[in-house]
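Before any comments, here is the structure.
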Amino acid sequence: MGELLPILILVAIIIIAGLLLARFGNSRHYEIELTFKQLMDYYLKKHYCKSCNNRLKRIAKDEYKGEGWSSIMNTSTHAKKYKRTYEMHCSNCGRSYQSEQLNQ
Ligand SMILES: [Zn+2]
């Protein structure tokens, strides 16, 4: 349970962020799908580039999915929808890594 706690807090933060965006009519809805392992890789663990050993930085990529109604915890809003994915990026040599590639 002790190890799960930071993950649960992160999940809660993501949900709250989504709710706030919806409430204030900021009209952007981000859909984020992360497995626990991906959450660990992108948020909690430190990773280093396999080519040059530089510290990797998390970057978010948003894919526009069109406008529409979305419902977050029973609140419906008309919003621009984005699907957000992450990758780890090396600013030194420009290599990018997905979660699956980090632990090979
Ligand atoms: Zn590098």
Side-chain angles (χ1 to χ4, degrees):
M1 193 59 207
E3 284 191 13
L4 261 177
L5 204 59
I7 295 166
L8 292 175
I9 290 167
L10 276 169
V11 171
I13 288 170
I14 290 169
I15 291 168
I16 289 166
L19 260 178
L20 285 177
L21 282 173
R23 277 285 154 75
F24 292 112
N26 211 348
S27 67
R28 278 175 170 225
H29 174 100
Y30 293 95
E31 193 179 295
I32 308 168
E33 276 178 24
L34 292 174
T35 64
F36 278 172
K37 187 181 165 298
Q38 288 169 335
L39 208 59
M40 295 289 285
D41 280 337
Y42 293 139
Y43 280 91
L44 298 178
K45 287 186 190 168
K46 288 175 183 160
H47 294 287
Y48 297 91
C49 182
K50 286 168 193 173
S51 300
C52 64
N53 218 30
N54 189 34
R55 173 90 187 269
L56 298 176
K57 284 174 99 172
R58 182 183 71 246
I59 53 170
K61 291 175 140 191
D62 295 323
E63 186 192 338
Y64 185 54
K65 296 294 226 180
E67 280 188 44
W69 289 92
S70 50
S71 176
I72 310 164
M73 296 173 85
N74 298 324
T75 309
S76 280
T77 13
H78 194 73
K80 290 187 168 77
K81 296 183 184 184
Y82 294 86
K83 175 143 178 100
R84 172 163 283 197
T85 51
Y86 294 106
E87 63 183 32
M88 300 302 284
H89 181 76
C90 174
S91 58
N92 193 38
C93 71
R95 273 187 80 172
S96 292
Y97 300 85
Q98 309 283 309
S99 170
E100 305 76 55
Q101 300 168 297
L102 291 168
N103 304 298
Q104 283 167 7

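Remember, predicted model here, so these are calculated numbers, not experimental data. Indexing begins at 1, ligand by ligand and atom by atom, following the structure's order. Values reported hereafter were calculated over all heavy atoms of this structure, with side chains retained and with hydrogens, waters and symmetry mates removed.
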Give the intermediate values and the outcome of side-chain contact (heavy atoms from CB on, under 4.5 Å) for residues H47 and D41. CA-CA 8 Å; H47 294 287; D41 280 337; 3.4 Å; yes

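T85 pairs with exactly one of K61, E31, E33 by the side-chain contact (heavy atoms from CB on, under 4.5 Å) rule, that one being K61.
At least one side-chain heavy atom of C49 sits under 4.5 Å from a side-chain heavy atom of Y97.
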For residues 52-60, run the donor-acceptor check on the side chains, cut-off 3.5 Å, and write out each pair with its distance to 0.1 Å, sequence neighbours left out.
| residue | atom | partner | partner atom | Å |
| --- | --- | --- | --- | --- |
| R58 | NH1 | Y42 | O | 3.2 |

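The tally of protein N/O/S atoms under 2.8 Å from the Zn ion (ligand 1) stands at 4.
Nearest heavy atoms, S96 versus Q101: O-OE1, 4.1 Å.
Judged by distance alone, the side chain of K81 and the main-chain N or O of W69 form a donor-acceptor pair under 3.5 Å.
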